[in-house]
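Hydrogens, waters and symmetry mates are skipped; everything else that's a heavy atom, side chains included, is used. Residues take their numbers from the sequence shown, with the count starting at 1. Start at 1 and go down the list; that is how both ligands and their atoms are numbered. These numbers were taken from a predicted model, which means no experiment stands behind them.
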Amino acid sequence: MNTTMEAITEVEETLSELRQTFKSGRTRSVAWRKNQVSALLQLIHDQEDEIFKALYEDLGKHPVEVYRDEIGIVKKTINYTLSNLEKWVAPKKSRLPLLLFPTSGEVLPEPLGVVLIFASWNFPIALGLDPVIGAISAGNTVVLKPSEQAPACSSFLANTIPQYMDSKAVRVIEGGAEISELLLQQKWDKIFFTGSPQVGRIVMSAAAKNLTPVTLELGGKCPTILDSFSNPSDLKVAIKRIVGGKWGPCNGQACIGVDYILIEEKLASTLIELLKKTVKRFYSDSPKDSKCIARVINRGHFERLRNLLKDPLVAASIVHGGSLDEENLFIEPTILLDPPLDAAIMTEEIFGPLLPIITLKSIQESIEFINSRPKPLAIYAFTKDEEFRQRILLETSSGSVIFNDVLIQFICDALPFGGVGQSGFGRYHGKYSFDTFSHEKVVMRGNFIVELEPRYPPWNDFKMNFFRLAYNLDYLGLLLLFLGLKRSNRLTGVSQKQCNT
Ligand code: NAD
C-alpha cells in the first residue's frame, strides 16, 4: 500500500470498522476470544509448510530454527492462553482497608479498544502473532503491521489471517515507513511496538498526541560475561550456549542475542579457540554452505554490517571469519578481539553475526563496563561465583539477567519479557500480554449497612482521633472501630455544638 488518498481512506475505513466491532461488544465475550485464538492455532497448524517457505525466503532460516523460534513459540503461547484465559478474565477480589468495611473491592480487566501492533522482521511470525494473541485474549480489536523488511512473511500474514480470523476485528496492514506514519496519525487505544529505539521515539511522540499508551520492545547491546571455570566441561557448555545464542537465532539478528563478550585477558585465547571449534562443529568448515545458519535480511543491513567492519582498527581486530558474500547476503561468523570501544561496532547494536570479545583485567570490571552504557535488554553471565552474581543483580539494570545460559527467557510464559531504559518499557508474554492489552478497572461495591459519620464535617478532636486509629487498624482493631462508630454516632450532636460555639 502507498500513501495515496486510497491508502488513507483504507486505513481510516479499517479503523472505523474495527471501532464499530469493538463497540458492538462482540470481542468481549470469552467464547469469541477463545475462538479467535484457536483459529490462529489452526492457521499455524495448517500453514506450517508455508511458514517454513516464507522464513526461508526472507531469512534463509532452517525449518528446525523456524519451529524452535517461531511456530513452537506461537503454539505454546496459544495453548497457555487457552488454558488460562477464564482465570485471567475473572475479576480479582482485593483486600480493602478496614475503614471501608463492609464495602467490597475487585479488579476487573477490561479491553482497551482498538490496538496497533508493529512487528519487526527478525522473527516476523512470532513477534507479529505473540502480541496479537495478547490483544485478542484481552478482548481488543487489532491492526497488525508486519515489517516490510520480511516481505514473504508480511504477505503470508496478510493473506492467511483473514482466512482464519474475524476480519472485522483483526486486520493486517502491510507497508513501510510511510504507511506506519499514516497509521500513527490515527487515534489508537494502545500501540505495541517491536523495533529499534530510533523508530520507538517516533512511535512514542506520535502516541503522545492522543495520550495513547505504548509498549516499546526495543533492542540494544546484550553483554555476555564469561567468568573463569575450574571445570573444563562447564566451560565447554558455556561456549556452546554462547555460540548458539550468537549465531543460532537468526544469525545474530536477535534483540536478546549475544552482542559482545566480556572476559579476563588471560582467558581470551582459550575462548577464541573454543569459539572457533564450536562454530565449526555447528556450521561446518564452510558456514556459507550450511543450511543451519540464517542470512542477513537484506542489502541495507548487509551494508550496515559491512560498514561496522570498515574501520581499519576494527578490521585489524578480526581473529576469525570476516568474509562477506554480498550476492548471498551472507557474513561468516566473525570474532573480533578488543575492537576500539569508540568504534560503531561497540557503540551501536550489532544485530548481525559479528562477535566482539572485550578483555578486562578482572571480570569484576564488567559491572562498570555495562553500567557505562545504556541499559541492555538482557545481561548473560556465566559464573559460579555467588558473590559476583549478587553484585551483577544489585549493581546493574537490564530487562533480564540470565545466569549460565542465554535466550531462554524468551520461551517462559510465566516471566515478563521487556526492557528497561533504552531497551524499552512495558512487558508481555503469557498473562503479562493479557495485562499489557487490558485496563485493570477498579470496582467497589458500597452498602448502606454502615455509615461512617466521622468522615463528614464539622471536624472535632474525636474525628481526628478516629482517623488516626482507623488508618492504622489491623484486624484486631475491628472491634474498636465498631465501638468507635457507635460512640461517634452518639457524640456527633455534641461535637456539632462544640464546633459552632
Ligand atoms: P525498525 O524500528 O526499523 O522497524 C520496526 C517497525 O517499525 C516495522 O514494522 C517498520 O515498518 C516500522 N517503521 C519503520 N520506520 C518507521 C517510521 N518512520 N515510523 C513508524 N514506524 C516505522 O526495527 P527492525 O529493523 O524491524 O528491528 C530491529 C530492531 O528491533 C533492533 O533494534 C532489535 O533489537 C529490535 N527488536 C526488539 C525486540 C524485542 O522484543 N525487544 C525483538 C526484535 C527486534
Side-chain angles (χ1 to χ4, degrees), residues 1-3 11 58-59 69-70 73 77 116-132 134 143-151 153-154 157-158 172-186 188 191-207 212 214-222 249-259 296-305 348-352 374-378 398-400 407 409-411 415-429 432-433 436:
M1 212 198 279
N2 54 38
T3 38
V11 165
D58 283 337
L59 283 148
D69 298 346
E70 311 241 18
I73 297 269
T77 303
L116 172 63
I117 295 172
F118 285 105
S120 72
W121 49 263
N122 52 343
F123 299 92
I125 302 297
L127 297 183
L129 296 184
D130 242 28
V132 167
V143 167
L144 167 64
K145 213 298 283 164
S147 172
E148 71 286 5
Q149 299 201 50
C153 289
S154 174
L157 292 168
V172 179
I173 294 186
E174 292 189 274
E178 284 185 1
I179 286 297
S180 303
E181 280 163 20
L182 180 57
L183 288 168
L184 287 175
Q185 284 162 21
Q186 314 301 315
W188 303 90
I191 302 176
F192 183 99
F193 173 82
T194 302
S196 59
Q198 298 87 302
V199 181
R201 285 188 181 90
I202 298 174
V203 170
M204 200 166 158
S205 46
T212 300
V214 291
T215 293
L216 298 180
E217 295 287 341
L218 309 178
K221 293 178 83 64
C222 300
C250 205
N251 197 5
Q253 303 166 105
C255 56
I256 49 169
V258 172
D259 191 282
V296 176
I297 181 76
N298 55 31
R299 269 180 217 290
H301 279 276
F302 187 88
E303 210 41 53
R304 179 184 62 79
L305 289 161
E348 291 170 14
E349 180 181 11
I350 296 173
F351 221 59
K375 293 178 181 182
L377 190 53
S398 57
S400 53
L407 278 91
Q409 70 272 43
F410 198 76
I411 63 162
L415 296 174
F417 183 87
V420 59
Q422 194 157 310
S423 52
F425 58 82
R427 71 273 193 274
Y428 76 130
H429 284 190
Y432 299 96
S433 294
T436 283

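- Shortest contact from atom 27 (O) of ligand 1 to any protein heavy atom: S120 CB, 3.5 Å.
- With contacts defined as side-chain heavy-atom distances shorter than 4.5 Å, the pair V11/V143 does not qualify.
- Put simply, no part of V203 is less than 4.0 Å from ligand 1, judged by heavy atoms.
- Atoms of ligand 1 lying under 4.0 Å from any heavy atom of L184, numbered from 1 in the order shown and given with element: 20 (C).
- Nearest to atom 15 (N) of ligand 1 by heavy atom, out of A378, A177, P124, is A177.
- Closest non-hydrogen pair, H429 versus F410, comes out as CE1-O, 3.2 Å.
- Using cut-offs of 30° and 60° on the angle between ring planes, the pair H301 and F351 is tilted.
- Annotation: atom 35 (C) of ligand 1 to nearest protein heavy atom, G195 O, 3.2 Å.
- When each of Q149, E174, E148 is tested with S154 by the rule side-chain hydrogen bond (donor to acceptor under 3.5 Å, both in side chains), just one qualifies, namely E174.
- Taking the side chain as every heavy atom from C-beta outward, L218 and L377 never approach each other to under 4.5 Å.
- Remark: minimum distance from atom 5 (C) of ligand 1 to any protein heavy atom is reached at T194 O, 3.5 Å.
- With distances taken over non-hydrogen atoms, the option nearest atom 7 (O) of ligand 1 out of W121, F193, F410, Y428 is F193.
- Looking at L59 and N251, their side chains never come closer than 4.5 Å, going by heavy atoms from C-beta outward.
- The single protein non-hydrogen atom nearest to atom 12 (C) of ligand 1 is S180 OG, 3.7 Å, given as residue, atom name and distance.
- Residues S398 and S400 come closest through the heavy atom pair OG-O, 2.9 Å.
- If you check which protein heavy atom lies closest to atom 8 (C) of ligand 1, you get A119 O, 3.4 Å.
- Atoms of ligand 1 found under 4.0 Å from any heavy atom of K145, numbered from 1 in the order shown, are 8 (C), 9 (O), 10 (C), 11 (O).
- Of the possible polar contacts, one joining the E70 side chain to the A126 backbone as a donor-acceptor pair under 3.5 Å is found.
- Closest to atom 42 (C) of ligand 1 among all protein heavy atoms lies C255 SG, 3.0 Å.
- For atom 41 (N) of ligand 1, the closest heavy atom belonging to the protein is L218 O, 2.7 Å.
- A pairwise comparison of heavy atoms in Y428 and D130 identifies CE1-CB, 4.0 Å as the closest pair.
- Near F417, the atoms of ligand 1 lying under 4.0 angstrom from a non-hydrogen atom of the residue are 40 (O).
- For ligand 1 and F351, the ligand atoms under 4.0 Å from any heavy atom of the residue are 28 (C), 31 (C), 33 (C), 34 (O).
- When L127, V199, N122 are checked for heavy-atom proximity to atom 16 (C) of ligand 1, V199 turns out nearest.
- Listed by atom number, the atoms of ligand 1 under 4.0 Å from I202 heavy atoms are 18 (N), 19 (N).
- Here atom 18 (N) of ligand 1 lies nearest to E181 when heavy atoms of E348, Q149, E181 are compared.
- The two residues G200 and L216 have their closest heavy-atom pair at O-CD1, 4.0 Å.
- Note on ligand 1: G424 sits outside its first shell, no heavy atom being nearer than 4.0 Å.
- Heavy-atom minimum distance, G175 versus K145: O-NZ, 2.7 Å.
- F302 and V296 make their closest contact through N-CG1, 3.5 Å (heavy atoms, listed as atom of the first residue, atom of the second, distance).
- Nearest protein heavy-atom neighbour of atom 2 (O) of ligand 1: S196 OG, 2.6 Å.
- The ligand atoms of ligand 1 that sit less than 4.0 angstrom from a heavy atom of E148 are 10 (C), 11 (O).
- Residues R427 and T436 are in side-chain contact: their nearest non-hydrogen atoms beyond the backbone lie under 4.5 Å apart.
- Near E349, with a cut-off below 4.0 Å to any heavy atom, the atoms of ligand 1 are 31 (C), 32 (O), 33 (C), 34 (O).
- Within ligand 1, the atoms closer than 4.0 Å to a non-hydrogen atom of E217 are 37 (C), 38 (C), 39 (C), 40 (O), 41 (N), numbered from 1 in the order shown.
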